[in-house]
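To start, the structure itself, in structure tokens.
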Amino acid sequence: SVLLALAVAVNRPLRLPGWLGRRNLPPRAAELLQRWSGGAFRRIAAIARPRWIAFTGRGARIVNGAFLAIAGLALIAPVPLVSFDNVLPAAAVVLLAWGLRLRDGALLATGYAATVVAVGSVVLLWWGGAELVRWLFASIQ
């Protein structure tokens, strides 16, 4: 998503390798993905519409790209021993991507807020983990 964010920021299409474009999901995986995500997509599509166009215009491309990159970096930040640590960053990426795709500034603003919350959660998890390790080492000595 960081490469996609750069492409958004500079207003250029993202070129993917040809082999990646030719790959298909296994039919069972595609069916499960469609079943699980279909309801959420229908709900988002029902409420999304072009609005707050200033958030989606040319002038906001760098901001949108920056938020998308930050959410992508939070998504790939490894947080050891914590399950589902990347759910909030993934939700931020999805909100930003849908906001860009549908030209919905309200979705983008929600994506901005989700990005801030996601980065905060990753920082808190890392800080909490560091404090736990510090406490464990202090109790051993």
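All values below were derived from every heavy atom in this structure, side-chain atoms included, with hydrogens, water molecules and symmetry-related copies excluded.
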Identify, with sequence neighbours excluded, every residue that meets side-chain contact (heavy atoms from CB on, under 4.5 Å) alongside Ala109.
Trp52, Phe55

Should Val122 and Leu125 be counted in the same cluster of Ile, Leu, Val, Met, Phe, Trp and Tyr side chains packed under 4.5 Å apart?
yes

Give the minimum heavy-atom separation between Leu136 and Ser139, together with the two atoms involved.
O-OG, 2.9 Å

Consider side-chain contact (heavy atoms from CB on, under 4.5 Å). Of Leu108, Val119, Leu96, which one does Phe67 pass it with?
Leu96

Name all pairs fulfilling the side chain to side chain donor-acceptor pair (under 3.5 Å) condition that reach into residues 96-107, sequence neighbours left out, sorted by first residue then second.
Arg51-Asp104

My understanding is that a hydrophobic cluster links ILVMFWY residues whose side chain heavy atoms are under 4.5 Å apart, including indirect links. Using that, what else belongs to the cluster containing Val117?
Leu88

State, to 0.1 Å, how close Leu107 and Gly99 come at their nearest heavy-atom pair, and which atoms those are.
CB-CA, 3.7 Å

Under a 4.5 Å side-chain heavy-atom rule over Ile, Leu, Val, Met, Phe, Trp and Tyr, are Val116 and Val63 clustered together?
yes

Let me confirm one number: the OG1-OH distance from Thr115 to Tyr112, rounded to the nearest 0.5 Å.
9.0 Å

Residue pairs fulfilling salt bridge (charged side-chain N to carboxylate O under 4.0 Å, His left out) with at least one residue in residues 106-120, sequence neighbours excluded:
none

Listed partners of Ala114 passing side-chain contact (heavy atoms from CB on, under 4.5 Å), at least two apart
Ala92, Leu95

Determine which pairs satisfy salt bridge (charged side-chain N to carboxylate O under 4.0 Å, His left out) with at least one residue from residues 21-41, sequence neighbours left out, and list them in order.
Arg28-Glu31, Glu31-Arg35

